[in-house]
Enquirer: 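My questions will all concern the structure given below.
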Amino acid sequence: MDHPAGPEIPPWKIPEEWNQALQSIEIPAQRRWDKLENARMLAGCVRQDLTEISTRIEAVAGRTCTVCEDICCCRATVWFDFRDLLFIYLNFGRFPAGQITRTLNGACSCLSSTGCTLERLHRPFLCTWYCCPAQIRVMEGEGPGTRRAFEALLNRIKANRKALEDAFIAAVG
Ligand code: SF4
Ligand code: SF4
C-alpha cells in the first residue's frame, strides 16, 4: 500500500494546510449548494457502490485479516485526498478529524489494537482499493466471476469519484 514519497504525499500534513483543504470544499459548497445536484448524485452513487463492496471486503477480510501475520496497516502510507474529502462531505456533511499520518513505528495513525478506528465509508478510498495477495487468492478461489465483479465495482467507484470531482469543480469554479 506504499506510494512514492514526495513533497505533496501525503498532502495537508500540517493543520493550517488541512483547514485550507477543508475550506476549499466547504465554503464553495455552502455558497453553491443548489448547483451541486450532479455532484451530490455522484457522491450518492459512490456511497452505494462502496457500501456494496464493503460487504464483499468484510467477507474476504474475515478469512484473511483475522489470521494475518503481516498486517498492511502497520506499514501503510495512506492519506485523505481531495476526492475522499468531497465524498465524505457531500454524503455526511462533515470532514474527517484530520489527515492520516504514520506513527513513530510506521503504522497508520488510524490503526488501533482492534483494527481500523474509521468506519469503512470514512476511510480513504485507497484502503478499500487495496487488495493484498491473500485476499486475491481467496477471491480467485471462489471462481473467476468473483474477482471480475469486484474489479468492475472498483472501476465504477474510481470513475464516479473522478466524475464527482469534475462535477464539483464545474459547479463551483
Ligand atoms: S489486507 Fe491482507 S495484508 Fe492487510 S491485514 Fe488483511 S490479510 Fe493482512
Ligand atoms: S485508515 Fe484504517 S484501513 Fe486504512 S491503513 Fe489506516 S488503519 Fe488501515
Side-chain angles (χ1 to χ4, degrees), residues 1-15 17-19 21-22 25 43 46-158 160-162 164-165:
M1 217 189 294
D2 282 339
H3 290 263
E8 305 299 329
I9 301 294
W12 320 314
K13 283 177 281 196
I14 59 174
E17 293 170 345
W18 174 253
N19 289 334
L22 303 191
I25 293 174
V46 173
R47 180 178 181 169
Q48 195 174 345
D49 282 343
L50 270 180
T51 302
E52 183 181 338
I53 211 168
S54 295
T55 306
R56 298 181 190 205
I57 290 171
E58 293 306 330
V60 174
R63 296 171 58 189
T64 53
C65 303
T66 47
V67 293
C68 183
E69 293 181 354
D70 184 21
I71 294 171
C72 50
C73 306
C74 290
R75 52 185 164 71
T77 304
V78 304
W79 62 91
F80 290 110
D81 64 15
F82 186 78
R83 294 174 191 176
D84 294 322
L85 297 181
L86 201 48
F87 164 78
I88 291 169
Y89 183 74
L90 292 184
N91 273 295
F92 305 107
R94 58 191 164 90
F95 291 111
Q99 183 59 291
I100 294 174
T101 57
R102 293 181 87 164
T103 61
L104 287 178
N105 64 6
C108 171
S109 56
C110 292
L111 183 63
S112 76
S113 57
T114 53
C116 183
T117 55
L118 301 174
E119 292 174 40
R120 187 166 290 278
L121 266 57
H122 292 257
R123 295 176 195 173
F125 175 60
L126 195 53
C127 302
T128 296
W129 171 82
Y130 176 73
C131 215
C132 75
Q135 294 183 324
I136 290 171
R137 278 196 298 277
V138 166
M139 277 193 260
E140 287 179 344
E142 292 173 355
T146 300
R147 189 162 172 211
R148 271 206 300 272
F150 185 84
E151 284 180 352
L153 203 43
L154 270 184
N155 286 337
R156 194 163 72 201
I157 294 170
K158 277 193 260 186
N160 279 334
R161 275 168 48 89
K162 168 149 190 348
L164 165 60
E165 181 179 36

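Just so you know, ligand 1 is whichever comes first in the structure, and atom 1 is the first atom listed for that ligand.
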Enquirer: Provide the number and element of each atom of ligand 2 under 4.0 Å from a heavy atom of C73.
Expert: 3 (S), 5 (S), 7 (S), 8 (Fe)

Enquirer: Between R147 and E151, does any NZ, NE, NH1 or NH2 come within less than 4.0 Å of an OD or OE carboxylate oxygen?
Expert: yes

Enquirer: Give a yes or no on whether C65 keeps an N, O or S atom under 2.8 Å from atom 2 (Fe) of ligand 1.
Expert: no

Enquirer: Taking only heavy atoms of V78, which atoms of ligand 2 are found under 4.0 Å from at least one of them?
Expert: 5 (S)

Enquirer: What atoms of ligand 2 come closer than 4.0 angstrom to any heavy atom of C108?
Expert: 1 (S), 5 (S), 6 (Fe), 7 (S)

Enquirer: Output the list of atoms in ligand 1 that are nearer than 4.0 Å to some heavy atom of C132, sorted by atom number.
Expert: 1 (S), 2 (Fe), 3 (S), 7 (S)

Enquirer: Using a strict threshold of under 4.0 Å (side-chain N to carboxylate O), is an ion pair present between E142 and R56?
Expert: no

Enquirer: Looking at L126 and W79, what are the two nearest heavy atoms and their distance?
Expert: CD2-CZ3, 4.5 Å

Enquirer: Is atom 2 (Fe) of ligand 2 under 2.8 Å from any N, O or S atom of C116?
Expert: yes

Enquirer: Using 30° and 60° as the class limits, which term best fits the ring planes of F95 and Y89: parallel, tilted or perpendicular?
Expert: parallel

Enquirer: Which heavy atom in L111 sits nearest to a heavy atom in C116, and how many Å separate them?
Expert: CD1-N, 4.4 Å

Enquirer: Hey, is atom 6 (Fe) of ligand 2 within less than 2.8 Å of some N/O/S atom on C127?
Expert: no

Enquirer: What pairs of donor and acceptor atoms, side-chain ones from residues 65-74 against any protein atom, are under 3.5 angstrom apart with sequence neighbours left out?
Expert:
{"unit_1": "T66", "atom_1": "OG1", "unit_2": "G62", "atom_2": "O", "d": "2.8"}
{"unit_1": "D70", "atom_1": "OD1", "unit_2": "R75", "atom_2": "NE", "d": "3.4"}
{"unit_1": "D70", "atom_1": "OD2", "unit_2": "R75", "atom_2": "NH2", "d": "3.2"}

Enquirer: If you count the atoms of ligand 1 from 1 in the order shown, which ones are under 4.0 Å from a heavy atom of D70?
Expert: 3 (S)

